[in-house]
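This report concerns only the one structure given below.
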Number of protein chains: 2
Amino acid sequence: MMRAFPQMEKNATVMQPHRQAFANRRRDPATKREAILQTAAHLFLEKGYGRTLMNDVADRLNITKPALYHYFSNKEEILLECYRWGTALIEDKLNQIAAQKGTGLEKVEAFVYEYANVMTVNFGRCVMRLDESDLSPKARAEVRGYKRKIDRRLRSFIQEGIDDDSITRCDPRMAAFSTAGAVNWICMWYKPEGPLAPEEIAAQFARMLTHGLAARRKRRATQPHGSRKVQQQMSGVTS
Amino acid sequence: MMRAFPQMEKNATVMQPHRQAFANRRRDPATKREAILQTAAHLFLEKGYGRTLMNDVADRLNITKPALYHYFSNKEEILLECYRWGTALIEDKLNQIAAQKGTGLEKVEAFVYEYANVMTVNFGRCVMRLDESDLSPKARAEVRGYKRKIDRRLRSFIQEGIDDDSITRCDPRMAAFSTAGAVNWICMWYKPEGPLAPEEIAAQFARMLTHGLAARRKRRATQPHGSRKVQQQMSGVTS
DNA sequence: TTTTTAACTTACCCGTGGGTAAGATATCAT
DNA sequence: ATGATATCTTACCCACGGGTAAGTTAAAAA
């Protein structure tokens with residue numbers, strides 16, 4: 001029998017990609033674990049950790065709440081695993097940058113670019129957007145460790161830049177807070193379905209945070225701003 | 001009779017400043033309302049909104065939970081009022097800056113300085129640190145309105161700067177996100193009892209965010225960084 | 001003093017949501 | 001086929017915490 005809209009079924013699963021992971025019972029457990037993490041991360045970002053119920057996660061996967069406890073021992077472990085995935089993404093990029101050649105300033109620029117990109121990925125967003133105090137002291141200490149490592153890396157790039165004269169003299173700690181803060185905040189307003197492409201954001205941030213807003217020298221003529229279109233209105237400072 | 005430590009009693013109240021507001025029954029209700037708000041804001045920042053119990057707030061004020069409901073109809077109203085106080089602080093500063101003379105860049109610099117200072121005050125920190133989705137749709141819309149106003153102001157300063165050639169050509173929306181993000185993030189790591197003075201933070205941020213990290217020109221000699229002491233270690237990128 | 005009333009306390013309710021006990025079912029090995 | 005096992009469901013428990021009902025007390029008014 002011919003279907004009127006043969007693609008409908010497929011689209012239905014495309015819209016809920018992680019439901020598929022639980023279609024067969026004996027499917028790879030690792031895949032299911034990740035499916036749980038992905039949907040949980042999505043919900044945590046959408047509604048916050050506290051307001052995300054275990055039932056919400058289960059519902060999205062077309063399973064029941066107790067099924068989740070076959071893959072995670074409790075809600076906090078899901079949260080912790082989101083942190084682990086996110087920080088791993090960042091660490092990975094940082095190692096690449098640290099191995100590169102270049103001035104300190106160039107490394108900071110690369111840091112901002114890569115870090116900004118991670119801040120548009122759900123797991124990355126979780127790292128900076130979710131509240132650490134939802135974690136137990138032990139888990140919180142672990143996450144703090146990851147974050148401190150990131151911070152040390154950024155500060156070392158800045159210090160390199162000061163030493164090689166590519167960065168103006170400043171307090172590396174404060175510069176790191178400022179730079180990282182601007183990028184961290186991306187996870188507060190970025191919407192995957194929004195009008196801004198991650199690479200575009202990353203590129204602009206990398207430029208602005210290293211070279212500042214101030215005009216380098218007086219411009220002669222003020223010609224209009226290329227063919228940039230007036231873009232969709234976004235809400236505000238934080239959303 | 002002489003006391004061995006006559007100041008002890010006084011210190012006890014200094015340590016818990018808001019308890020005093022509820023010492024007498026017929027004291028000014030407005031004072032008590034503010035005392036509740038202050039302690040609530042403090043706890044919200046310390047433990048998060050969701051983990052702060054009405055009992056926690058009451059305990060700190062040496063009263064019982066139902067007493068709070070004489071001043072606020074529910075928990076959310078306390079939260080909303082924190083937002084109102086915080087955004088009012090910011091708006092106030094913004095109006096002053098907008099009225100000033102100067103280039104766009106100078107206004108952005110002033111914005112960063114004043115805004116950063118607000119981000120070290122509890123009510124100000126609440127605005128950017130607490131989660132809007134703890135508010136009802138109606139209240140959230142109100143808060144969003146305040147934030148959008150702040151954002152519009154910042155963007156207008158940036159646009160002014162582009163027009164008067166004090167700011168390099170860029171997407172004002174993106175520049176606002178970057179600048180505001182760096183400052184907003186202060187509320188995530190700033191600790192009132194920490195080693196950094198608000199004005200110091202504000203001054204450094206204002207400089208870095210407008211003029212960037214990049215060295216303007218090659219320096220001749222690299223002399224050590226004045227007499228700056230190695231300062232107390234702070235945790236990491238976000239705390 | 002006595003009355004009045006706002007300010008507060010004690011004792012309680014109950015919806016919510018994380019987590020579990022025990023049983024059902026699909027899939028694999030034999 | 002048949003048992004064995006991981007997987008998943010139905011039905012439930014109960015701690016927690018926001019909010020309230022009803023009674024108590026302190027301070028101002030009369």
Side-chain angles (χ1 to χ4, degrees), chain A residues 16 18-37 39-41 43-44 46-82 130-131 133-136 139, chain B residues 16 18-37 39-41 43-44 46-82 130-131 133-136 139:
Chain A
Q16 288 125 4
H18 303 298
R19 283 173 117 98
Q20 206 173 336
F22 286 86
N24 300 342
R25 273 201 170 184
R26 293 281 163 127
R27 208 182 196 117
D28 178 23
T31 308
K32 298 188 183 180
R33 228 181 108 97
E34 187 182 339
I36 294 173
L37 280 180
T39 54
L43 287 167
F44 291 165
E46 190 174 287
K47 323 201 304 174
Y49 175 75
R51 277 171 305 279
T52 299
L53 313 185
M54 291 301 263
N55 266 326
D56 294 338
V57 180
D59 286 352
R60 287 234 174 164
L61 295 165
N62 255 9
I63 56 176
T64 57
K65 182 174 65 172
L68 296 173
Y69 289 87
H70 278 263
Y71 300 92
F72 297 92
S73 63
N74 53 36
K75 196 183 176 188
E76 190 204 335
E77 197 186 310
I78 297 181
L79 179 59
L80 176 56
E81 204 67 14
C82 287
L130 301 182
D131 193 344
S133 49
D134 283 312
L135 294 168
S136 70
Chain B
Q16 289 126 3
H18 303 298
R19 284 173 116 97
Q20 206 173 333
F22 287 87
N24 299 343
R25 275 202 169 182
R26 296 280 164 127
R27 210 184 195 115
D28 177 25
T31 308
K32 298 188 183 179
R33 227 182 109 95
E34 186 182 339
I36 293 173
L37 280 179
T39 54
L43 287 167
F44 291 164
E46 191 174 286
K47 323 200 302 176
Y49 175 75
R51 277 172 305 280
T52 300
L53 313 185
M54 292 300 264
N55 266 326
D56 294 337
V57 180
D59 287 351
R60 286 234 177 162
L61 295 165
N62 256 8
I63 56 177
T64 57
K65 182 174 62 171
L68 296 173
Y69 290 87
H70 278 263
Y71 301 92
F72 297 92
S73 63
N74 53 37
K75 196 183 176 187
E76 189 204 336
E77 197 185 311
I78 298 181
L79 179 59
L80 177 56
E81 204 66 16
C82 286
L130 301 182
D131 193 345
S133 50
D134 282 313
L135 293 168
S136 69

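Below, chain A is the first sequence line, B the second, and so on; all start at residue 1. Here the structure is a predicted model, which is why all the values come from computation and not from measurement.
- One can place CG of Leu68(B) at 19 Å from P of dA6(C), the figure rounded to the nearest angstrom.
- Listed candidates were dG18(C), dT7(D), dT9(C). Nearest to the side chain of Ile63(B) is dT9(C).
- Taking atom CG of Asn55(B) as the reference point, atom P of dG18(D) lies 8 Å away to the nearest angstrom.
- The side chain of Asn74(B) sits closest to dG19(D) out of dG19(D), dT10(D), dG17(D).
- Atom C1' of nucleotide dA27(D) and atom CG of Asp28(B) are separated by 16 Å, given to the nearest angstrom.
- For the side chain to side chain donor-acceptor pair (under 3.5 Å) test, residues two or more places apart in sequence or in another chain that qualify with Asp56(A) are Lys47(A).
- Atom CG in Asp134(A) sits 9.0 Å away from atom CD in Glu76(A) (nearest 0.5 Å).
- Atom CZ in Phe72(A) sits roughly 13 Å away from atom P in dT7(D) (whole-Å rounding).
- At whole-Å resolution of the value, CG in Leu53(A) and P in dG19(C) are 12 Å apart.
- Summarising the geometry, the separation between CD on Glu76(B) and C1' on dG17(D) is reported as 17 Å, rounded to the nearest angstrom.
- Residue Lys75(B) places none of its side-chain N or O atoms closer than 4.0 Å to OP1 or OP2 of dG17(D).
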Please assess Thr31(A) against Glu34(A) for the test side chain to side chain contact (heavy atoms under 4.5 Å, CB included), listing each intermediate value before the final yes or no. CA-CA 5 Å; Thr31(A) 308; Glu34(A) 187 182 339; 5.9 Å; no

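- Relative to the side chain of Tyr71(A), the nucleotides dG18(C), dT10(C), dT7(D) differ in distance, and dT7(D) lies closest.
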List the atom pairs, donor and acceptor, that lie under 3.5 Å between side-chain atoms in residues 64-72 of chain B and the rest of the protein, sequence neighbours left out.
none

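- Side-chain N or O atoms of Thr39(A) include none that pairs as donor or acceptor with a backbone N or O of Arg60(A) at under 3.5 Å.
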Could you run down nucleotides 20-26 of chain D 5' to 3' and tag each one B, S or - for protein heavy-atom contact under 4.0 Å? B----BS

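- Per the geometry, CZ belonging to Arg51(A) stands 16 Å off P belonging to dG17(D), to the nearest Å.
- Residues Leu79(B) and Phe44(B) are in side-chain contact: their nearest non-hydrogen atoms beyond the backbone lie under 4.5 Å apart.
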Can you check side chain to side chain contact (heavy atoms under 4.5 Å, CB included) on Ile78(A) and Met54(A), steps first, answer last? CA-CA 10 Å; Ile78(A) 297 181; Met54(A) 291 301 263; 4.1 Å; yes

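- Atom CG of Leu43(B) is separated from atom C1' of dG17(D) by 15 Å (rounded to the nearest Å).
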